[in-house]
Amino acid sequence: IISRVRARMILDSRGNPTVEVEVVTRGGGFGRAAAPAGASKGKHEALELRDGGKKFGGRGVDRALFNVNHVIAPRITGLDARMQRLIDSIMVDLDGTPNKSRLGANAIVATSLAVAKAAADTAGMPLYRYLGGTGTFVMPVPLMNIINGGAHAGNELSFQEFMIAPVGADSFSEALRIGVEVYQMLKKYLKDKYGASAINVGDEGGYAPPMKSNKEALDALVEAIKLAGYEPGADVVLGIDVAASQFYDAESGTYSVDGHRLSAEELLDYYLVMVDEYPIRSIEDPFYEEDYESFAKLTSKLLGRVLIVGDDLYVTNIGRLVRGIELKATTAALLKVNQVGTLTEALDYAYTAMASNLKVIVSHRSGETEDTTIAHLAVALRAGFIKTGAPARGERTAKYNELLRIEEDCSGECIYPGIRAYQSLHP
Ligand code: PGA
Ligand code: ZN
């Protein structure tokens with residue numbers, strides 16, 4: 001039974017205020033969770049409530065804190081913390097808007113996750129076990145974003161994220177080690193080739209080198225994998241998050257890539273050449289967030305070879321996901337709890353995707369905190385994938401380190417899927 005709900009302001013990894021909530025139960029359980037924040041947000045995401053005005057450049061969260069402490073807390077205190085669906089629906093109803101703009105998705109998500117953690121703690125279980133029940137757990141393949149571009153870095157790379165996925169490992173900890181070795185080798189490679197400023201890092205801990213073309217970034221990844229002693233395409237595969245809405249020009253209907261203006265058809269051909277030249281196994285948001293048709297074309301061309309992932313396309317919204325399933329727009333769905341606001345809605349989204357054989361990738365945001373809930377969520381869902389940045393910067397390593405603890409805890413009851421994570425049930 002929930003006895004106390006309390007919100008406070010903390011800072012996120014970009015030095016902006018965010019909401020942290022603590023929930024205490026009468027059974028002695030305690031849960032604490034914080035809201036992350038995106039930079040390249042999808043336009044259909046739930047709203048992050050900010051105060052405006054002068055303090056914190058308008059990014060204050062006093063109104064969101066007020067909403068937790070004085071609107072939500074009185075309504076959920078006294079309820080059983082295990083009644084996640086009821087508690088989440090109470091918050092959705094109290095808010096009453098389609099995009100959670102009254103109470104704020106930042107207020108709601110921190111509360112929703114803190115309730116789940118308090119319930120798990122009351123039951124004396126780690127969160128991944130509380131949410132995931134019994135049966136074999138699946139440790140996620142980390143999609144490690146080690147070169148940052150787009151809205152996450154001050155360079156000219158149009159694509160936002162260049163990721164490595166260490167699939168040639170037997171455990172998560174081994175995969176993490178391989179990822180770290182490649183990351184450190186990449187540092188040396190970039191420094192030798194581009195000078196010391198190339199190893200400054202972006203928002204997600206990846207390097208932000210002064211590169212001009214996306215191919216240069218992919219070449220650097222392949223070189224770093226080889227220098228670290230691994231085989232690209234076998235031990236380590238690649239992934240990209242294009243975040244194409246960021247460089248789409250609605251007026252002309254074109255994309256500006258590597259200094260060229262490309263139509264959707266030309267961009268599609270660009271991807272087809274790219275996946276022939278590089279061991280790319282996932283492409284996220286290859287087109288503008290309303291262009292389901294182009295997503296579907298690329299998905300059908302790359303079926304069984306490369307996962308096409310919807311992030312800004314779906315924004316963890318079940319209605320947008322269902323449309324994508326009907327149109328066969330993607331083979332995977334990104335999951336960010338704060339894009340929708342409640343754990344219940346995020347779980348419904350995940351199970352809907354899985355029921356249609358879409359892969360689910362549990363993801364952080366570019367603005368993060370030390371909160372490690374997504375590590376537990378990825379394992380509980382048996383999603384097979386997590387996206388939580390480079391193995392650097394405390395808010396990113398917090399998730400990786402928690403996964404190391406989880407793997408230790410579930411040893412003998414969990415597997416690391418490696419390349420099998422990519423295999424569709426029916427391609
Ligand atoms: P964001 O980016 O958190 O800045 O929205 C992450 C992503 O696009 O996957
Ligand atoms: Zn994305």
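Atoms within each ligand, like the ligands themselves, are counted from 1 in listed order.
With respect to the Zn ion (ligand 2), Glu284 has OE2 as its nearest N, O or S atom. With respect to the Zn ion (ligand 2), Asp311 has OD2 as its nearest N, O or S atom. Shortest distance from the Zn ion (ligand 2) to Asp241 is reached at OD2 (N/O/S atoms only).
Scanning all protein heavy atoms for the shortest distance to atom 9 (O) of ligand 1 gives Lys387 NZ, 2.8 Å. Shortest contact from atom 6 (C) of ligand 1 to any protein heavy atom: Lys336 NZ, 3.4 Å. Closest protein heavy atom to atom 5 (O) of ligand 1: Arg365 NH2, 2.7 Å. Nearest protein heavy-atom contact of atom 8 (O) of ligand 1 is Gln160 NE2, 2.9 Å. Closest to atom 3 (O) of ligand 1 among all protein heavy atoms lies Ser366 N, 2.8 Å.
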Practice problem: Test Lys117 against Thr373 for side chain to side chain donor-acceptor pair (under 3.5 Å), laying out the working first. | Solution: CA-CA 8 Å; Lys117 289 166 100 171; Thr373 310; 3.3 Å; yes
Quiz item: For Glu181 and Tyr230, what are the C-alpha separation, side-chain angles and deciding distance, and is it a side chain to side chain donor-acceptor pair (under 3.5 Å)?
Solution: CA-CA 10 Å; Glu181 289 169 5; Tyr230 298 104; 2.5 Å; yes
Exercise. Using the side chain to side chain donor-acceptor pair (under 3.5 Å) rule, take Tyr128 and Asp409 through it: C-alpha gap first, then chi angles, then the decisive distance, then the call.
Key: CA-CA 10 Å; Tyr128 81 92; Asp409 186 76; 2.5 Å; yes
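When all heavy atoms of Leu157 and Met211 are compared, the closest pair comes out as CD2-CB, 3.8 Å. The shortest heavy-atom contact between Ala196 and Lys191 is CA-CG, 4.1 Å.
Annotation: the span from Arg281 atom CZ to Leu143 atom CG amounts to 12.0 Å, rounded to 0.5 Å. Atoms OH and CD1, on Tyr400 and Ile386 in that order, are 7.5 Å from each other to the nearest 0.5 Å.
Within the cation-pi definition used here (under 6.0 Å to the ring centroid, within 45° of the axis), Arg382 qualifies as a partner of Phe137.
Near Asp311, meaning under 4.0 Å from any of its heavy atoms, are these atoms of ligand 1: 7 (C), 8 (O), 9 (O). Contact atoms of ligand 1 toward Asp241: 7 (C), 8 (O), 9 (O) (distance under 4.0 Å to a heavy atom of the residue). Annotation for ligand 1: atoms under 4.0 Å from non-hydrogen atoms of Glu161 are 6 (C), 7 (C), 8 (O), 9 (O). Using a 4.0 Å cut-off to heavy atoms of Gly38, the atoms of ligand 1 that qualify are 1 (P), 3 (O), 4 (O), 5 (O). Under a 4.0 Å criterion applied to the non-hydrogen atoms of His152, ligand 1 contributes the atoms 1 (P), 2 (O), 4 (O), 6 (C). Less than 4.0 angstrom separates some heavy atom of Glu284 from each of these atoms of ligand 1: 9 (O).
Heavy atoms of Ser40 come nearer than 4.0 angstrom to ligand 1 in at least one pair.
Under 4.0 angstrom from ligand 1, there are no non-hydrogen atoms of His364.
Checking side-chain atoms of Asn338 against main-chain N and O of Pro36 turns up a donor-acceptor pair under 3.5 Å.
Within a 6.0 Å sphere centred on CD of Glu277, other residues, nucleotides and ligands contribute more than 12 heavy atoms. Residue Lys43 places its NZ atom among more than 12 non-hydrogen atoms of other residues, nucleotides or ligands, all under 6.0 Å distant.
Among the atoms of Gly367, none of the N or O lies under 3.5 angstrom from an N or O of ligand 1.
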